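Bear in mind that the values here come from a model prediction, so they are computed numbers and not experimental data. Throughout, numbering of the chain's residues begins at 1 and tracks the sequence. Reckoned from all heavy atoms, side chains included, excluding hydrogens, waters and symmetry mates.
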Amino acid sequence: RVANAFARLVGARGDVGHVPVHLGRDHRLMLAEIDALPAMQKAALVLRYGHEVGIDEIARILDVGPETVKTHLKRARTRLRHRMGVTDEG
């Protein structure tokens with residue numbers, strides 16, 4: 001159910017999509033890291049920031065509570081920061 005809803009919104013493969021060659025290295029790396037996130041984290045992140053869907057709507061789409069969506073978003077952002085080498089200091 002989640003996969004079907006997500007696929008309709010971000011493409012049949014459920015990934016971030018084709019990465020254009022002209023993107024910078026950091027941008028391509030970030031898209032690859034987003035694509036490697038666990039399914040629920042990726043779905044929440046792409047819906048929230050890629051499609052500007054609200055927390056309550058994401059919760060409805062993914063069939064989870066709003067607090068669960070917030071948890072997935074926080075975990076996804078934390079994982080991306082770590083994988084991209086971003087620290088709180090800079």
Separation between [atom1] of [X] and [atom2] of [Y], rounded to the nearest 0.5 Å:
X: Thr68; Y: Asp63; atom1: OG1; atom2: CG; answer: 10.5 Å
X: Ile34; Y: Met84; atom1: CD1; atom2: CE; answer: 8.5 Å
X: Lys42; Y: Leu80; atom1: NZ; atom2: CG; answer: 11.5 Å
X: Leu62; Y: Glu57; atom1: CG; atom2: CD; answer: 10.0 Å

Taking all heavy atoms of [X] and all of [Y], pick out the closest pair and write down the distance.
X: Ala44; Y: His72; result: CB-CB, 4.1 Å
X: Arg79; Y: Pro38; result: NH1-CD, 3.0 Å
X: Ile55; Y: Pro66; result: CG2-O, 3.7 Å
X: Ala76; Y: Leu45; result: CB-CD1, 4.1 Å

> Can you list the residues that meet the salt bridge (charged side-chain N to carboxylate O under 4.0 Å, His left out) rule with Arg83, with sequence neighbours excluded?
Replying inline: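 If we apply the salt bridge (charged side-chain N to carboxylate O under 4.0 Å, His left out) test to Arg83, skipping adjacent residues, the hits are Glu33.
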
> What pairs with Lys74 under side chain to side chain donor-acceptor pair (under 3.5 Å), at least two apart in sequence or on another chain?
Replying inline: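 Lys74 satisfies side chain to side chain donor-acceptor pair (under 3.5 Å) with no residue once adjacent residues are dropped.
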
